[in-house]
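Because the structure is predicted, anything quoted here is derived from the model rather than measured.
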Amino acid sequence: MRNGDARVRGFAARAGGWSARHRWAAVGIWVLFVVLAMGLGSAAGRVDVGDSDQLKGETRTAARIVEDAGIEEPAGETVLVQAKDDGLSATDDEFRAAVTAVVTAVEKTGQVTEVTTPYESGTISEDGRSALVQFDMRGDSDTAAERVEPVLKAVEGVQKDHDALRIEEIGGASMMKTFDDAFGDDFKKAEYSAVPVALGILLIAFGALVAALLPVALAITAIMATMGLMGLVSHLQPMSETANSVMLLVGLAVGVDYCLFYLRREREERAAGHDAQTALRIAAATSGRAIVVSGVTVCVAMAGMLFTGLAEFEAMGLASLMVVAVAMVGSVTVLPALLSLLGERVEKGRLPFLRRRTSGSGNDSRIWTAVLRRVLAKPLLAAAVATGALLAVAAPAVGMKTQNLTLDQEFGDSLPIVQTYNRVNEAFPGGAEPAEVVVRADDINSPEVRAALADFREEAVSSGASNGPVETRVHEGQNVAFVYVPLVGGSDQDRAAESLHTLRDEVRPATLGTVDGLEAPVTGQVAGSEDFNDQLVGSVVPVFVFVVVFAFLLMLLSFRSLTIAITSIVLNLLSVGAAYGILVAVFQHGWGASLVGAEGVGAIITWLPLFLFVILFGLSMDYHVFVVSRIREARLRGRTTRDAIQHGVVTTAGVITSAAVIMVAVFGIFGTLSMQSMKQMGVGLAAAVLIDATIIRGVLLPAVMALLGERNWYLPKWLHRMPDLTHDESPTGAGAGAPVAKGGVDRGVDQGSGRGTGTDHGADEGERVRV
């Protein structure tokens, strides 16, 4: 065979080789796949997660009762009429005139129904200074925000005529409109700016426009294809807008990363003197394999979300899994085809103000070379310092408190409607977000049921769970009643949760629970938060075990080293723990919160810890697999373990730095949003990636591997019969005069004993390379 014509086995190597030989076919198949996926997904439409699928427990039971009964709950709105000082009360003529003006104004809009005055419903505060006018929006509650503006303007008009009173509207429709107006463009700008930011960083990394465009183009096409696939899959597993946003973030991150790994390796091999065909083949067998191992590991991590039992998480997990799989396949198929087609033209559009980057390998990374020299000189000290620092950063996570953030926690005082929310809760504790008891009986009008409802309303107040008023709305045709109970505690989530437990565990069994065949699940914002927490806590262990065990098995199969598999898991857990610690310190305790434009809100949003664990555990494997693959490759070529560590870390420093900067920048964009939950997600992801790419991969990993020495490659003899997935690896220098062991095999490691020799000691046929 010709010099450099190495034959290897494995999906990545075979896919890359076929694509390079059939360039136009590979590109055409990819384009056809993207177009078909988008077309079929658009034609099928997307099914989103319904209310009855969101949660388990009582919240889900209540939603199903409402859906089965065919009841469309309208969007409820409330107008607070409040004296600005102690001079007025709800019984004064001026106050009554203002209430009448509000009723008249909102009814004239033609958008409202079921208007009730505080004098009818009894919604007057204890001090007599505040009262509530309540009504429902006409039409579908999901689109009520689009029709509420005339009502808001009508209320504003009444406010102008009554200076002594504070007249403000709040409700589901008005809050949704306010949030859409304030933050809808904010989210769009964040999503749209992610691509230009990534492209700008890639331009600096590669110094050429065409080379920088390739990773972005792959990521975007992978995202487009996945959006189509989400439409098809949604008929089996409903999707959501949240899943769409998470898919975009993950798709951009891994799509750019995978392409970056592949492209930098191909350029490095060409700069080392290989012809284009050989450089592509080496990149396919090395970086291509690392991409496949990383992609499968990330997919497994994302699949962990399917064990939560929460429809929103299941949608996010499945969407993320699909985009990672699509990006992985694209990276090892269409990317080699494009590189083969472009050839030297990949350097087109070179930026004149950047020095020419010939290798793209990171060999010139003086900073990391200097760091590695010190780490490898004193690995025990480096490992101790790095581990101690990470444990110190992770320490605050021990006291982590999770809850669904209230309106004022989520948005602070940045919106006027938040102040209205606080004023309503202060005057009517729990009135802004009451518990809702959905009662279904065989005959909702039977004396027995009516008596139980009356007892429930009375007991809810006498038990201390509510200060009232407790309202009831009966749907006779469906034999369903809704009971609205303002919970004592209001926006204080802990006190409101205590009131909810009293309502569920004491009041309900003693009243409604005495009627045979009657169902009365308690739902509402506080109940939903409690049910979500309970479901999430119950799913932590199975998700954790699934992700960790399968990631361990994949690393064991991919590197055939028990030591590598164990250290991979431990290092990733340290990275996640440090991210948790930063989140708790900044957002729960408020330490340094102002530095990121955040506030210490006293809690972490409920869904974030599990979400971060799955996402970070998956994404951190990108870097880990890439570095360890390069180290193992160098070890198989005959280098000592210490030299292999130095070579692997330094030569991957450039690409990992570029990839990390892109991820940190993209996640950091979401950390600039006004919503505290989005800030928490953005800061948590950005901090974890930064820690992972620096302290973990640049200091702790090489220090630990240097301390372990040849034990890094230890595999017990009883594990020798397990499947060997290492056969994609090829001695990189096989085609360039690099030393290859006599007999055509350079294994370099006796897996059973852990001894490195640099020669062939019974190498597995799966790793044989013929030159």
Exercise: identify the closest heavy-atom pair between Ile582 and Ala687: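 Heavy atoms only, the tightest pair is CD1-CB, 3.7 Å.
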- request: Show the numbers, then the answer: is there a side chain to side chain contact (heavy atoms under 4.5 Å, CB included) between Gln646 and Thr369?
  value: CA-CA 8 Å; Gln646 173 84 21; Thr369 300; 4.1 Å; yes
task: Identify which one of Ile566, Leu708, Thr563, Leu719 satisfies the side-chain contact (heavy atoms from CB on, under 4.5 Å) criterion when paired with Tyr714.
output: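 For Tyr714, the side-chain contact (heavy atoms from CB on, under 4.5 Å) test succeeds with only one of Ile566, Leu708, Thr563, Leu719, which is Thr563.
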- request: Count the heavy atoms of every other residue, nucleotide or ligand shown that sit under 6.0 Å from CZ of Arg642, and state whether that count exceeds 12.
  value: yes
statement: d(Ile615 CD1, Leu619 CG) to nearest 0.5 Å is 6.0 Å
task: Indicate the atoms forming the closest heavy-atom contact of Met705 with Ile564, along with that distance.
output: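 Heavy atoms only, the tightest pair is CE-CD1, 3.8 Å.
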task: Please check if the side chain of Ser19 supplies one atom and the backbone of Gly16 the other of a donor-acceptor pair under 3.5 Å.
output: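 A pair under 3.5 Å: no.
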- prompt: Side chain of Asn572, backbone of Ile569: donor and acceptor closer than 3.5 Å?
  reply: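 No, Asn572 side chain to Ile569 backbone: no donor-acceptor pair under 3.5 Å.
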message: Could you measure the distance from the CG atom of Leu685 to the CG atom of Leu690? Nearest 0.5 Å is fine.
response: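 So the CG of Leu685 and the CG of Leu690 are separated by 12.5 Å.
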- request: Would you please test Tyr623 and Asp692 for side chain to side chain contact (heavy atoms under 4.5 Å, CB included) and show each step?
  value: CA-CA 8 Å; Tyr623 303 150; Asp692 200 71; 3.3 Å; yes
message: Tell me whether Arg635 contacts the main-chain N or O of Arg639 through its side chain, where contact means a donor paired with an acceptor under 3.5 Å.
response: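 Yes: the side chain of Arg635 pairs with the backbone of Arg639.
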Distance, nearest 0.5 Å, that separates OG1 of Thr286 from CZ of Arg265: 3.5 Å
- prompt: Can you tell if the side chain of Val683 reaches within under 4.5 Å of the side chain of Phe587, non-hydrogen atoms only?
  reply: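 Val683 vs Phe587: side chains touch.
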- prompt: Do the side chains of Ile662 and Asp257 get nearer than 4.5 Å, heavy atoms only?
  reply: no
- request: Spell out, as yes or no, whether a donor-acceptor pair under 3.5 Å connects the side chain of Thr387 to the backbone of Ala384.
  value: no
query: Is the closest side-chain heavy-atom distance between Leu372 and Pro702 below 4.5 Å?
result: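 The answer is yes, as the side chains (C-beta and beyond) meet within the 4.5 Å cut-off.
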query: Between atom CG of Leu701 and atom CD1 of Ile631, what is the distance when rounded to the nearest 0.5 Å?
result: 5.0 Å
query: Judged by atom type as modelled, is there a donor-acceptor pair below 3.5 Å linking the side chain of Thr297 to the main-chain atoms of Val293?
result: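 Indeed, once roles are kept as given, a pair shorter than 3.5 Å links the two residues.
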message: Let me confirm one number: the CZ-OG distance from Arg632 to Ser561, rounded to the nearest 0.5 Å.
response: 8.0 Å
query: Are Trp368 and Ile656 close enough that some pair of their side-chain heavy atoms sits under 4.5 Å apart?
result: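 With C-beta onward as the side chain, the pair stays apart.
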query: Is Phe550 atom CZ crowded by more than 12 heavy atoms from other residues, nucleotides or ligands, each under 6.0 Å away?
result: no
message: Checking Leu214 against Leu342 for the side chain to side chain contact (heavy atoms under 4.5 Å, CB included) test, could you report, in this order, the C-alpha distance in whole Å, the side-chain angles of both residues, the deciding distance, and whether it holds?
response: CA-CA 11 Å; Leu214 279 180; Leu342 289 170; 4.0 Å; yes
query: What is the minimum heavy-atom distance between Ala665 and Val197, and which atoms define it?
result: CB-CG1, 3.5 Å
message: I want to check something: taking the side chain as every heavy atom from C-beta on, are Leu573 and Val570 in contact at a cut-off of under 4.5 Å?
response: no
- prompt: Does the pair Thr278 and Arg281 meet the rule for a side chain to side chain contact (heavy atoms under 4.5 Å, CB included), with working shown?
  reply: CA-CA 5 Å; Thr278 303; Arg281 185 166 53 248; 3.5 Å; yes
field: Closest approach of Ala290 to Phe626 (non-hydrogen atoms, all atoms of both residues)
entry: CB-CD1, 4.3 Å
Separation of Asp275 CG from Leu280 CG (nearest 0.5 Å): 9.5 Å
message: Using every non-hydrogen atom in the two residues, find where Ala706 and Leu376 come nearest and quote the distance to one decimal.
response: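 Looking at all heavy atoms of both residues, the closest pair is CB-CD2, 3.7 Å.
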task: For the residue pair Val649 and Val371, establish whether any side-chain heavy-atom pair is separated by less than 4.5 Å.
output: no
message: Do Met681 and Leu249 make a side-chain contact, defined as non-hydrogen atoms from C-beta onward lying under 4.5 Å apart?
response: yes
message: Ring-plane angle category for Tyr258 and Phe261, please: parallel below 30°, perpendicular beyond 60°, tilted otherwise.
response: tilted
- prompt: When you measure from the side chain of Tyr580 to the backbone N and O of Pro609, does any donor-acceptor pair fall under 3.5 Å?
  reply: yes
query: Taking the side chain as C-beta and beyond, is there a heavy-atom pair between Ile696 and His624 under 4.5 Å?
result: no
task: Please name the residue in the list Val664, Thr694, Val661 that meets the side-chain contact (heavy atoms from CB on, under 4.5 Å) test with Val689.
output: Val664
Minimal non-hydrogen separation, Ala382 against Ala703, with atom names: CB-CB, 4.1 Å
- request: State whether Arg264 and Glu269 are salt-bridged, where the test is any N-O pair (Lys NZ or Arg NE/NH1/NH2 against Asp/Glu carboxylate O) under 4.0 Å.
  value: no
